[in-house]
J.: 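Have a look at this one before I ask anything.
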Amino acid sequence: MEHITLLLAIVIVTALVFDFTNGFHDTANAMATTISTGALKPKTAVAMSAVLNLVGAFLSVEVAKTISGGIINENGLRTEVIFAALVGAILWNLLTWLVGLPSSSSHALFGGLIGAAVMSAGWSSVDGGTVVTKVLLPAVAAPVVAGLAALLATKLTYRIGGKVRNGAQEKATAKGYRAGQIASAGLVSLAHGTNDAQKTMGIITLALVTGGVLSPGSNPPVWVIVSAGLAIALGTYLGGWRIIRTMGSGLTDLKPPQGFAAQTSAATVILASSHLGFSLSTTQSCSGAVMGAGLGRRGGVVRWSTATRMFVAWGLTLPAAGLVGAGAEFLTKQGTWGVVLVAVLLVAGSGAIWILSRRRPVGHGDVAPGSQGGGPLAGDAEPAGVVTTAIAAVSPPPTAAQAQQDLKTTIPAPAGPVADPARPATV
């Protein structure tokens with residue numbers, strides 16, 4: 001570490017700041033459904049997620065190697081390019097957090113990196129094949145695969161649960177699902193640390209390579225792994241309550257069986273991709289799983305207005321972060337004053353977004369079950385759309401036990417005593 005220059009140190013600190021924003025931006029991926037169904041209290045959930053994010057950072061370095069030596073050509077890459085890329089990623093993360101949309105921190109980072117590299121050295125500096133196979137294709141496949149898996153898992157769960165006939169069994173079953181939700185949420189947190197902390201490891205390793213501290217193709221040093229794990233864990237602990245609100249109750253209303261199915265499906269997809277070296281978006285995987293679980297329950301409604309805004313944010317992430325990264329790189333190419341100006345703009349932009357967020361703050365009390373602080377995202381009634389209606393049309397008919405229970409709940413007993421019709425009234 002004795003060869004680290006001032007500029008390289010600034011880039012490393014900025015990378016850890018991005019890792020911090022990644023933590024609180026993506027806390028919702030693991031804990032939103034657990035909080036919304038009441039399986040865990042908000043602060044307990046984020047504390048548990050933070051610890052498991054830290055543990056997950058030590059499980060693999062495959063994604064870090066993809067970023068540090070796969071997407072961008074390391075030869076001739078300037079350290080300022082990485083700084084510019086991080087500026088684009090951080091500002092996009094903060095902007096989407098402000099409006100409560102679960103966009104992809106991964107794609108923000110990739111967009112910033114690609115935009116800055118193209119501005120610095122042209123399109124030849126980007127490995128298009130790696131971008132397509134390990135970034136774009138997983139971005140399309142992840143929410144679809146996780147959503148279908150969660151939909152089928154939810155249907156299977158309710159089919160099995162249809163055999164429950166009395167109140168005591170229902171309570172025991174709900175308690176079991178909540179316990180399963182806690183376990184699956186822990187698995188998602190572990191997967192998030194394994195996948196997302198590695199992105200920062202890869203960026204720092206890439207910066208060390210461009211600064212001549214490491215040779216090309218090197219694995220992240222231990223201090224890089226530790227610092228990246230701590231940064232994402234700290235961000236996770238603070239909790240991105242705005243996005244938790246959207247994921248937990250803004251997309252659909254989840255019951256414990258749905259939450260368990262959604263989180264288990266998402267964790268499976270994320271962990272599998274991490275060990276294959278695919279830099280998957282945990283946000284897209286978890287959001288797709290939540291929507292799939294919402295469609296899997298008979299009568300469930302997905303709020304497509306919120307989902308549409310989320311899809312738009314997903315589509316804008318790569319190009320928007322890329323444009324900001326390219327603009328920042330254009331300034332850093334002007335010399336030292338350009339680097340200083342970019343740093344000032346980053347601090348000013350982050351401060352402005354923070355001030356705007358204080359106009360309508362969202363805390364842990366606004367995401368707990370039954371809270372009234374959710375605003376329009378948390379409790380808006382929305383009619384079923386085309387997809388929801390189609391899913392409901394092919395859902396299996398209710399079982400005899402369900403029909404009997406529905407009959408009991410829809411035909412109430414008389415409120416007071418009823419006179420015997422066989423006995424004539426006395427005068």
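Only this structure's heavy atoms are used, side chains among them; waters, hydrogens and symmetry mates stay out.
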J.: To the nearest 0.5 Å, tell me how far Leu54 CG sits from Leu190 CG.
T.: 10.5 Å
J.: Can you tell me how far the CG atom of Leu8 sits from the CD atom of Glu80, to the nearest 0.5 Å?
T.: 10.0 Å
J.: Please round to the nearest 0.5 Å and tell me the distance separating atom CG of Leu356 and atom CG of Leu94.
T.: 11.5 Å
J.: Going through the distances and angles, do Leu16 and Ser227 end up as a side chain to side chain contact (heavy atoms under 4.5 Å, CB included)?
T.: CA-CA 8 Å; Leu16 293 176; Ser227 59; 3.9 Å; yes
J.: So, taking the atom named CD1 in Ile182 and the one named CG in Leu187, what distance separates them when rounded to the nearest 0.5 Å?
T.: 14.0 Å
J.: Looking only at heavy atoms, what is the nearest atom pair of Thr44 and Leu40, with distance?
T.: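 Residues Thr44 and Leu40, closest heavy atoms: CG2-CD2, 4.1 Å.
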J.: Any side-chain heavy atom of Val140 sitting closer than 4.5 Å to one from Leu136?
T.: no
J.: Which heavy atom of Phe24 sits nearest a heavy atom of Gly235, and at what distance?
T.: CB-O, 3.0 Å
J.: Would you check if the side chain of Asn22 reaches a backbone N or O of Phe18 as a donor-acceptor pair within less than 3.5 Å?
T.: no
J.: Would you give the length of the straight line joining atom CE of Met310 to atom OG of Ser305, rounded to the nearest 0.5 angstrom?
T.: 11.0 Å
J.: Counting C-beta onward and ignoring hydrogens, is there a side-chain heavy-atom pair between Lys155 and Leu151 closer than 4.5 Å?
T.: yes
J.: Would you tell me whether Ser287 and Gln284 have side-chain atoms, one donor and one acceptor, within less than 3.5 Å of each other?
T.: no
J.: Report yes if the side chains of Phe58 and Val226 come closer than 4.5 Å at any heavy-atom pair, otherwise no.
T.: yes
J.: Can you tell me how far apart CG (Leu323) and CG (Leu318) are? Round to the nearest 0.5 Å.
T.: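 Separation between the atoms: 11.0 Å.
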J.: What heavy-atom pair brings Ala185 and Thr34 nearest, and what distance separates the two atoms?
T.: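 Taking every non-hydrogen atom into account, CB-OG1, 3.3 Å.
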J.: I need the minimum non-hydrogen distance between Ala289 and Ala266, along with the two atoms involved.
T.: CB-CB, 4.0 Å
J.: Do any N or O atoms from the side chain of Ser350 and from the backbone of Val347 form a donor-acceptor pair under 3.5 angstrom?
T.: no
J.: For a side chain to side chain contact (heavy atoms under 4.5 Å, CB included) check, start with the C-alpha distance between Val99 and Arg309, then their side-chain angles and the critical distance, and finish with the verdict.
T.: CA-CA 10 Å; Val99 297; Arg309 292 195 294 270; over 6 Å; no
J.: How about Phe311: does its CZ atom have over 12 heavy atoms from other parts shown lying under 6.0 Å from it?
T.: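 Yes, CZ of Phe311 has more than 12 neighbouring heavy atoms, counting only those of other groups under 6.0 Å.
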J.: Set out, in order, the CA-CA distance, both residues' side-chain angles and the distance that settles side-chain hydrogen bond (donor to acceptor under 3.5 Å, both in side chains) for Ser104 and Thr283, then state yes or no.
T.: CA-CA 6 Å; Ser104 171; Thr283 299; 5.5 Å; no
J.: I'd like to know if the side chain of Thr332 reaches the main chain of Glu329, judged simply by a donor and an acceptor atom lying under 3.5 Å from each other, with no hydrogens or angles considered.
T.: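 Present.
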J.: State whether the side chain of Thr264 and the backbone N or O of Ala261 hold a donor-acceptor pair below 3.5 Å, judged by distance alone.
T.: no
J.: Angle between ring planes, His107 versus Phe110, binned at 30° and 60°: parallel, tilted or perpendicular?
T.: tilted
J.: Do the side chain of Gln263 and the main chain of Ser184 share a donor and acceptor less than 3.5 angstrom apart?
T.: no
J.: Of the non-hydrogen atoms in Met119 and Phe330, which two are nearest, and what is the gap between them?
T.: CG-N, 3.8 Å
J.: Are the side chains of Val324 and Trp92 in contact, using a 4.5 Å heavy-atom criterion?
T.: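 No; the side chains remain at least 4.5 Å from each other.
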J.: Looking at side-chain heavy atoms only, is the closest gap between Val131 and Asp127 below 4.5 Å?
T.: no
J.: Compare all side-chain heavy atoms of Leu345 with those of Leu331 and state whether any distance is below 4.5 angstrom.
T.: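 They are in side-chain contact.
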J.: Return the minimal non-hydrogen interatomic distance between Val126 and Ala117, and the atom names on each side.
T.: CG2-CB, 4.4 Å
J.: With distance as the sole test, does Ser120 use its side chain to make a donor-acceptor pair with the main-chain N or O of Ala116 at under 3.5 Å?
T.: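 No, Ser120 side chain to Ala116 backbone: no donor-acceptor pair under 3.5 Å.
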J.: Determine whether Leu214 and Pro221 make a side-chain contact, defined as any pair of heavy atoms from C-beta on separated by less than 4.5 Å.
T.: yes
J.: Quick one, Val209 with Ser215, criterion side chain to side chain contact (heavy atoms under 4.5 Å, CB included). Give me CA distance, side-chain angles, the key distance, then yes/no.
T.: CA-CA 6 Å; Val209 170; Ser215 58; over 6 Å; no
J.: In terms of ring plane angle, is the pair Trp354 and Trp97 parallel, tilted or perpendicular, where the classes change at 30° and 60°?
T.: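 Geometry flag for Trp97 against Trp354: parallel rings.
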J.: By the definition side chain to side chain contact (heavy atoms under 4.5 Å, CB included), identify the one residue from Leu208, Thr14, Leu86 that meets it with Ile203.
T.: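 The residue from Leu208, Thr14, Leu86 that satisfies side chain to side chain contact (heavy atoms under 4.5 Å, CB included) with Ile203 turns out to be Leu86.
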J.: Do you know which of Leu234, Ile204, Ile232 makes side chain to side chain contact (heavy atoms under 4.5 Å, CB included) with Asp19?
T.: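 For Asp19, the side chain to side chain contact (heavy atoms under 4.5 Å, CB included) test succeeds with only one of Leu234, Ile204, Ile232, which is Ile232.
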J.: Compare all side-chain heavy atoms of Val144 with those of Leu148 and state whether any distance is below 4.5 angstrom.
T.: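 Yes, at least one pair of side-chain atoms sits under 4.5 Å.
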